[in-house]
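The sequence lines fix the lettering, A, B, ..., with proteins before strands; numbering per chain opens at 1.
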Amino acid sequence: MMTDGPSQAYESDAVSSRRPLPGILVAGTVIVGVFVLLALLAPFIAPFDAVEQDIPNKLAAPSAEHWLGTDEVGRDVFSRLIWATRVDLPIGFLAALFPMILGTFLGALAAYFGGWVDFVVTRIAEVVQAFPIYVFLIALIFALGPGVKSILITFTVVSWVLYARLIRGEILRIRTREYVQAAEALGYSHARILTRHLLPNAGRQTLVYFASDIVLALITLAALSYFGLGVQPPTPEWGAMVAAGQRFLRTQWWLSVTPGLVIAALGTGLSLISDGLDEWLKDA
Amino acid sequence: MARYGFIAKRVAGIVPLLLGVIFAVFALQHVTPGDPARLILGARASEEAVEELRSELRFDDPVVTQFVRYAGNVFQGDLGRSLRASKPVTSIIADRLPVTLWLLGAGVVLSLLISIPLGTLAAMRQAGWADHAIRGVSLLGLTLPPFWVGIMLLLFLALPTGWFPITGFGDTFSEHLRSITLPALTLAISLAPIQIRSLRSAMIEVVESDAVTTARSLGIKGWRLVSRHVIPNAVLPMITLLAVEVGYMLFGAVVVEATFSLPGLGSEMITAVAGRDFAVVQGITLVFAVMVVAIHLLADIALAFIDPRVEMA
């Protein structure tokens, strides 16, 4: 419901990989690919260490040596932006992956077995959804203590619901199809029908949503770190860097501006992948 | 009448939901590692005080008994006491709630002022350059962290012009209005992209519907067609979207209040988290949750009245 809505039919027997890739999907993949490379090659690319301080040289303006200047304890901002890719990218990815796995599992169980399994899963989902999930996020991280582990647990607890609903809806829609009924008639096991027949066909929308969910996870992670509830210093993280720079907005504005631009660039890449996948799989 | 039956059923349905919500807020203190009494009193409290509170709050009782007691207190309007401010959580909430409501109200209005014209334009010029430009901008807007957008507004609007206060909420109505402008704009910028996207697709569906085709065949076109036939039919999905968005909106309000140091519920919550003021975090979470439940309910009731096709099941 948050996006354009599942109005189109996703399912078909045609093999989608034979169709040309949409331009935006390619562009998004290139952008995200660059970030993956930055994360992998950070030790070779980043000119300076991420945490080593150089107090006499603090809050320096951009120069040939420090391309984006230095922060309040003299660390090279450009290097920290690169090192932070190793933090934000994997955490953002996992913070969307775990809820996807849990939600898909529960949604598939609910749809396939129906009855009381469906009843229980749907009721729990309703309660979770009735919550202001992102505010509950703050409360839960508070309860569990700040940090990456709390963030991953919390994201999994609060955002599996949409995946469960997506997959449940899709499976209910396609389980009456002939190929599924044929598989049931052949006496295949529940596990085999679910994993080999239902999930691959119902999973396309999930994939589209997953790509855009990483953006949401990334921004939320940055926001929590901005509050001081996420990644803890001195580990470089983009949201925390924005927060640290905000005190120097009048004089060293680049401290806050650049990490935000980096988040937006990665987010744009992921959104392009999501939109591109949607276009590519929609009328496959 | 089926409609009132639906509403009665829907209202009755929120009772178990509210109990679930209260239970989840109650359960927060049980998922927290460590002694809940110590948690409530803070690290500096003496061992005797902790012991006293533990027996006073009867933490050794069965969980069900504790929950019934907690829920009973909540229904009587008792949300506990703040550690730092040493006053009732309800009085803190009463102080802070108006600011948050101002922010939410102004933010939603501004977001609609952005999204309705842009969404309409994109849908009416489908696949034209305006459509592509609007879709591109809204895609970018989705990826901008709200706290960063707020800082950019401070940097590029507040600092150079001096028109807007950097922090705080002021004392008079006109000061409130000036203080709330940039925070509300920040919230609006984070809400508008999703609204534009869903409004655009809803409108395209409407434009291709029989009703609009008929109106066109009768020679109705231009602004009259849009205002009389397209927009009214796209309002329903918009109400649903605003209701669905409300949870995200509250998170946005927390972020924006923290960015601009607005003295609302959100910034209070962040301060309470930093100060480990447990009762305040619980109380504000509960207020936000009740707001979400109430708005979902109101949206459903509104839809039942506006749209005769709503499932009355």
Side-chain angles (χ1 to χ4, degrees), chain A residues 1-5 7 24 123-124 126-146 153 212 215-216 218-220 222-224 226-229 238-239 242-243 245-246 249-250 253 256-257 259-261 263-272 274-275, chain B residues 14 16-17 20-21 23-25 28-29 31-33 135 139-140 142-149 151-152 154-155 159 194 197-198 200-202 205 237 240-241 244-252 254-255 258-259 266 269-270 272-274 276 278 281-282 284-285 288-289 291-293 296:
Chain A
M1 284 239 254
M2 295 293 276
T3 56
D4 288 2
S7 53
I24 53 172
R123 285 298 95 75
I124 297 175
E126 272 174 7
V127 172
V128 174
Q129 211 169 33
F131 254 82
I133 52 171
Y134 291 98
V135 175
F136 190 49
L137 201 92
I138 297 174
L140 201 52
I141 287 173
F142 167 72
L144 297 172
I153 295 174
S212 63
V215 182
L216 212 59
L218 201 65
I219 291 180
T220 313
L224 291 168
Y226 174 81
F227 296 145
L229 297 177
W238 296 324
V242 174
Q246 194 175 354
L249 200 57
R250 282 170 203 273
W253 52 265
S256 283
V257 173
L261 291 175
I263 297 173
L266 177 55
T268 304
L270 290 162
S271 299
L272 289 174
S274 175
D275 279 18
Chain B
I14 71 167
L17 190 59
V21 159
F23 180 75
V25 171
L28 279 176
Q29 65 193 38
V31 299
T32 308
R135 289 175 75 187
L139 186 128
L140 185 68
L142 275 177
T143 68
L144 299 177
F147 58 91
W148 184 78
V149 171
I151 293 175
M152 292 307 102
L154 284 175
L155 183 60
L159 289 182
I194 302 170
R197 287 168 75 117
S198 74
R200 176 184 173 276
S201 54
E205 223 168 272
T240 310
L241 178 75
V244 170
E245 255 191 333
V246 105
Y248 181 71
M249 220 182 271
L250 290 175
F251 183 70
V254 174
V255 175
T259 310
M269 186 179 199
I270 298 299
V273 168
R276 309 238 21 110
F278 205 89
V281 176
Q282 276 185 311
I284 295 179
T285 305
F288 281 146
M291 280 165 82
V292 171
V293 173
H296 283 177

Asker: If you round to the nearest 0.5 Å, how far is CZ of B/Phe147 from CD1 of A/Ile263?
Answerer: 4.5 Å
Asker: How close do A/Gln246 and B/Leu154 get, heavy atom to heavy atom, and via which atoms?
Answerer: NE2-CD1, 4.3 Å
Asker: With a 4.5 angstrom heavy-atom cut-off, which part of B/Leu159 approaches chain A: side chain, backbone, both or neither?
Answerer: side chain
Asker: Using heavy-atom distances under 4.5 Å, tell me whether B/Ile151 contacts chain A through its side chain, its backbone, both, or neither.
Answerer: both
Asker: Shortest non-hydrogen contact from A/Thr220 to B/Phe251?
Answerer: CG2-CZ, 3.8 Å
Asker: Could you check which of B/Leu144, B/Thr259, B/Val149, B/Leu140 has the highest count of heavy-atom pairs closer than 4.5 Å to chain A?
Answerer: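 Heavy-atom pair counts peak at B/Thr259.
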Asker: Counting only non-hydrogen atoms closer than 4.5 Å, does B/Ala272 touch chain A with its backbone (N, CA, C, O), its side chain (CB onward), both, or neither?
Answerer: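 B/Ala272 touches chain A through backbone heavy atoms alone.
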Asker: Which one wins on heavy-atom pair count under 4.5 Å against chain B: A/Ala243, A/Gly267, A/Ala265, A/Ala264?
Answerer: A/Ala264
Asker: Among all residues two or more places apart in sequence or in another chain, which pass the ring-ring contact (aromatic ring centres under 6.0 Å, His included) test with A/Phe227?
Answerer: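 For A/Phe227, no residue satisfies ring-ring contact (aromatic ring centres under 6.0 Å, His included) once neighbours in sequence are set aside.
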Asker: Any idea which heavy atoms bring A/Gly260 and B/Pro145 closest together, and the distance?
Answerer: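 Closest approach of A/Gly260 to B/Pro145, heavy atoms only: O-CD, 4.4 Å.
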Asker: Can you say whether A/Arg250 sits under 4.5 Å from chain B via the side chain, the backbone, both, or neither, judging by heavy atoms?
Answerer: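 The answer is both parts of A/Arg250.
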Asker: Which residue out of A/Asp275, A/Val215, A/Leu266, A/Leu144 racks up the most heavy-atom pairs below 4.5 Å with chain B?
Answerer: A/Asp275
Asker: So A/Leu261 and B/Trp148, do their side chains get closer than 4.5 Å, heavy atoms only?
Answerer: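 Yes, at least one pair of side-chain atoms sits under 4.5 Å.
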Asker: Looking at every non-hydrogen atom in both residues, tell me the closest pair between A/Ala143 and B/Leu28 and how far apart they are.
Answerer: CB-O, 3.7 Å
Asker: Atom CD1 in B/Ile270, atom CG in A/Leu224: separation rounded to 0.5 Å?
Answerer: 8.0 Å
Asker: Please lay out, stage by stage, how A/Ile219 and B/Leu142 fare under the test side-chain contact (heavy atoms from CB on, under 4.5 Å).
Answerer: CA-CA 9 Å; A/Ile219 291 180; B/Leu142 275 177; over 6 Å; no
Asker: Do the side chains of B/Val281 and A/Ile138 get nearer than 4.5 Å, heavy atoms only?
Answerer: no
Asker: Of all heavy-atom pairs between B/Thr143 and A/Thr268, which one has the smallest distance, and what is that distance?
Answerer: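 Closest approach of B/Thr143 to A/Thr268: CG2-N, 3.4 Å.
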